[in-house]
> 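My questions will all concern the structure given below.
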Amino acid sequence: MKAAFIGLGAMGYPLAGHLARRYETLVWNRTFAKAQAHAEEFGSRAVELPEVAQAEVLFTCLPTSKEVDGLARTLLPYLRPGTLWVDHTSGEPALARATAAMLQEKGVAYLDACLSGGVAGAQQGRATVMVGGTEADFARARPLMETYAAKIVHVGPLGSGHAVKAVNNALLAVNLWALSEGMLALVQQGVDARLALEAINASSGRSNVSENLFGQRVLSREFPNTFALGLLAKDLNICAGVLEAAGTPAPMLRLVREFFQVAKRQIGDAEVDHTAVARLLERWAGLEIK
Ligand code: NDP
């Protein structure tokens, strides 16, 4: 079995590393030095772009569906029937379906297979994957994804993986924003932030944000740069598309998108970690959460 991985960013680099330990793995990255470093570190093989088409299963992990679609167009003349394309990008259901239809004309199957668990989950081989596509394609991809995932769920037909991921990340955004607001009010009134978190984390208001992110990134004042604010804002736009297509009531999830758009504009740097919104709220309040 020959695999290929395109996009050795914060997520792709460690994922492709796990893959390369078990399967022959070709790697390509726009900044080619990263592919060469990967080959040295994990025993993968850095190749020119057309060569990835020799793989039976081809993975992508890029910022948005637009880059994936662009690469699919570039690779189309080289791709062979029977290839399976597994896209780990947090992307858009509609564009993914269009890309899949284009690939299908070449006999190439496609799964949207979004990731969760962050960079730490990817490094530890404990990522979560939510997959849209056919049962048969899912069964083919599963053993390869098992090299880096602790939980793999086939959530439905093509596009469903992207849709579930978008809603998941909207929930992350709601929790991050809401906890930041609540903690500011508590600290302003003299409550110790660490003790407040300790109580919340043993109570019904806890979340991954309260249990992990907030202590590790905000209270520590480290704000380590692993998941860019711009990528979360992009996910909230995708979620808005999902809500629009469904036509179901969603005032809260629509609102959180607005909050993050304002935050992105005010912070003026989309590359900072998404937890920087807590710092923005601190600035508005003239107070630090510590
Ligand atoms: P990074 O910005 O770290 O990496 C992006 C990768 O895409 C790099 O390899 C970059 O190449 C490549 N790339 C960007 N533009 C192009 C292009 N036009 N053509 C070819 N390659 C390109 O992103 P992440 O790894 O953080 O995120 C990747 C995806 O995973 C996103 O959709 C994100 O939302 C999602 N995700 C991220 C998580 C996280 O915690 N970071 C968690 C879960 C999902 P180069 O090295 O040359 O810049």
Side-chain angles (χ1 to χ4, degrees), residues 4-18 26-39 44 46-50 52 58-75 85-93 95-96 99 112-132 145 148-152 161-173 176 208-209 212-213 216-217 223-239 260 264 269-276:
F5 208 107
I6 297 177
L8 304 172
M11 294 298 283
Y13 194 91
L15 295 181
H18 290 291
L26 311 175
V27 288
W28 181 84
N29 194 69
R30 183 180 61 176
T31 307
F32 197 64
K34 279 195 210 168
Q36 290 168 318
H38 195 275
S44 55
V47 295
E48 296 297 324
L49 186 55
V52 298
L58 197 159
F59 293 85
T60 34
C61 189
L62 301 172
T64 74
S65 289
K66 284 192 190 68
E67 287 83 30
V68 178
D69 191 69
L71 267 167
R73 285 169 198 281
T74 306
L75 282 172
W85 187 308
V86 181
D87 182 23
H88 281 318
T89 306
S90 300
E92 296 167 49
L95 183 50
T99 306
D112 50 304
C114 291
L115 299 162
S116 190
V119 172
Q123 285 168 342
Q124 293 157 14
R126 299 196 51 76
T128 295
V129 194
M130 46 210 95
V131 186
M145 296 191 290
Y148 48 74
K151 181 85 181 167
I152 308 171
H162 287 329
V164 174
K165 172 67 182 175
V167 169
N168 176 77
N169 277 23
L171 296 176
L172 158 67
L176 176 58
N208 181 55
V209 174
N212 296 307
L213 283 185
Q216 290 164 11
R217 296 176 186 226
F223 302 94
N225 211 342
T226 74
F227 181 38
L229 175 61
L231 288 179
L232 182 53
K234 172 259 308 181
D235 293 336
L236 296 175
N237 287 336
I238 296 170
C239 185
F260 275 76
K264 209 175 91 176
D269 178 3
E271 298 303 316
V272 293
D273 193 65
H274 61 303
T275 50

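All figures in this text were calculated on a predicted structure; none of them were measured in a lab. Counting starts at 1 for both ligands and their atoms, in listed order.
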> Measure and list all N/O to N/O distances between ligand 1 and the protein that fall under 3.5 angstrom.
| residue | atom | partner | partner atom | Å |
| --- | --- | --- | --- | --- |
| ligand 1 | 3 (O) | A10 | N | 2.8 |
| ligand 1 | 9 (O) | L8 | N | 3.2 |
| ligand 1 | 9 (O) | G9 | N | 3.3 |
| ligand 1 | 9 (O) | N29 | OD1 | 2.7 |
| ligand 1 | 15 (N) | R30 | NH1 | 3.2 |
| ligand 1 | 25 (O) | A10 | N | 3.2 |
| ligand 1 | 25 (O) | M11 | N | 2.9 |
| ligand 1 | 32 (O) | L62 | O | 3.1 |
| ligand 1 | 32 (O) | P63 | O | 2.8 |
| ligand 1 | 32 (O) | S90 | N | 3.0 |
| ligand 1 | 32 (O) | K234 | NZ | 3.1 |
| ligand 1 | 34 (O) | K234 | NZ | 3.0 |
| ligand 1 | 41 (N) | T226 | O | 2.9 |
| ligand 1 | 46 (O) | N29 | ND2 | 2.9 |
| ligand 1 | 46 (O) | K34 | NZ | 2.6 |
| ligand 1 | 47 (O) | R30 | NE | 3.1 |
| ligand 1 | 47 (O) | T31 | N | 2.9 |
| ligand 1 | 47 (O) | T31 | OG1 | 2.5 |
| ligand 1 | 48 (O) | R30 | NH2 | 3.0 |

> Check salt bridge (Lys or Arg N to Asp or Glu O under 4.0 Å) between R126 and all other residues, then give those that pass, not counting sequence neighbours.
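Testing R126 for salt bridge (Lys or Arg N to Asp or Glu O under 4.0 Å), a comparison that skips the adjacent residues, returns none.
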
> With a 4.5 Å heavy-atom cut-off, do I6 and L71 have their side chains touching?
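With C-beta onward as the side chain, the pair touches.
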
> Are side-chain heavy atoms of L58 and W28 found at a separation under 4.5 Å?
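The answer is no; the side chains never approach within 4.5 Å.
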
> In terms of relative ring orientation, are F59 and H88 parallel, tilted or perpendicular, with 30° and 60° separating the classes?
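If you compare the ring of F59 with that of H88, the planes turn out parallel.
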
> Do Q216 and T275 make a side-chain contact, defined as non-hydrogen atoms from C-beta onward lying under 4.5 Å apart?
no

> Side-chain contact test, heavy atoms from C-beta onward, threshold under 4.5 Å: evaluate it for K234 versus K264 and give yes or no.
no

